[in-house]
Amino acid sequence: MKQKILTFHRDEEDHWVADLECGHKQHVRHDPPFHPRQWVTDQKQREQQKGEKLDCKRCDEVGRVVATAVLNVALEALEEAQIDSAAAAMCREGQIELAIDYLNSLDLDKISQDSIAKATSRFGTLE
């Protein structure tokens with residue numbers, strides 16, 4: 001997920017680190033040919049990078065955790081709807097309607113909040 005660079009600092013090994021708007025930190029190295037970032041080595045060019053966006057790997061990790069949690073809960077709801085519709089000997093249309101009802105009854109806010117809490121305890125705050 002792209003996040004704006006707010007400022008820079010050096011870590012304990014004297015490597016440059018970008019402080020991102022999400023609260024996470026991202027190492028920025030000039031390591032050609034893999035990471036050609038000549039701007040890292042010059043203070044004036046670094047200053048010009050403030051406000052530019054970098055991929056935040058931590059936010060991506062949190063996003064994957066949330067998406068996986070929502071998918072798993074949705075799959076469980078569909079399995080439950082399948083079992084209930086089979087027990088009630090519903091026609092195909094009734095089965096589909098029941099599955100949709102089960103999905104619509106999911107509390108996505110709670111699922112998201114719970115999975116964000118889990119992910120942020122593992123990967124760091126989103127704020």
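Just so we're clear, the structure is a prediction, and the values are computed from it rather than from any experiment. Quick note: residue numbers are just sequence positions, from 1.
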So, do [X] and [Y] sit near enough that their side-chain heavy atoms are less than 4.5 Å apart?
X     : Y     : answer
Trp16 : Arg37 : no
Val40 : Phe8  : no
Leu20 : Ile5  : yes
His24 : Gln26 : no
Asp55 : Lys2  : yes

### Message
Please enumerate all residues that pass side-chain contact (heavy atoms from CB on, under 4.5 Å) together with Glu93, with sequence neighbours excluded.
### Response
Cys91, Glu97
### Task
Could I get the full list of side-chain contact (heavy atoms from CB on, under 4.5 Å) partners for Leu108, not counting sequence neighbours?
Val70, Leu106, Ile111
### Query
In terms of heavy-atom contacts, does CD of Gln82 have more than 12 from other residues, nucleotides or ligands at under 6.0 Å?
no
### Message
For Arg10, is the CZ atom crowded, meaning more than 12 foreign heavy atoms sit under 6.0 Å from it?
### Response
yes
### Query
Can you name the nearest heavy-atom pair linking Tyr102 to Ala77, along with the distance?
CD2-O, 3.5 Å
### Message
Give me the atom names and distance for the closest heavy-atom approach of Ser112 to Val66.
### Response
OG-CG1, 4.2 Å
### Query
Do any N or O atoms from the side chain of Glu21 and from the backbone of Lys4 form a donor-acceptor pair under 3.5 angstrom?
yes
Using side chain to side chain donor-acceptor pair (under 3.5 Å) as the criterion, list what pairs up with [X], not counting sequence neighbours.
X     : result
Gln38 : His30, Thr41
Lys25 : Asp19
Lys50 : Glu47
Thr7  : none

### Query
Are Ile96 and Leu78 in one and the same hydrophobic cluster, where Ile, Leu, Val, Met, Phe, Trp and Tyr link if side-chain heavy atoms are under 4.5 Å apart?
no
### Task
Group every Ile, Leu, Val, Met, Phe, Trp and Tyr by side-chain heavy-atom contacts under 4.5 Å, then state whether Leu54 and Met1 land in the same group.
no
### Task
Using a strict cut-off of less than 4.0 Å between a Lys/Arg side-chain nitrogen and an Asp/Glu carboxylate oxygen, indicate whether Arg64 and Asp60 qualify as a salt bridge.
no
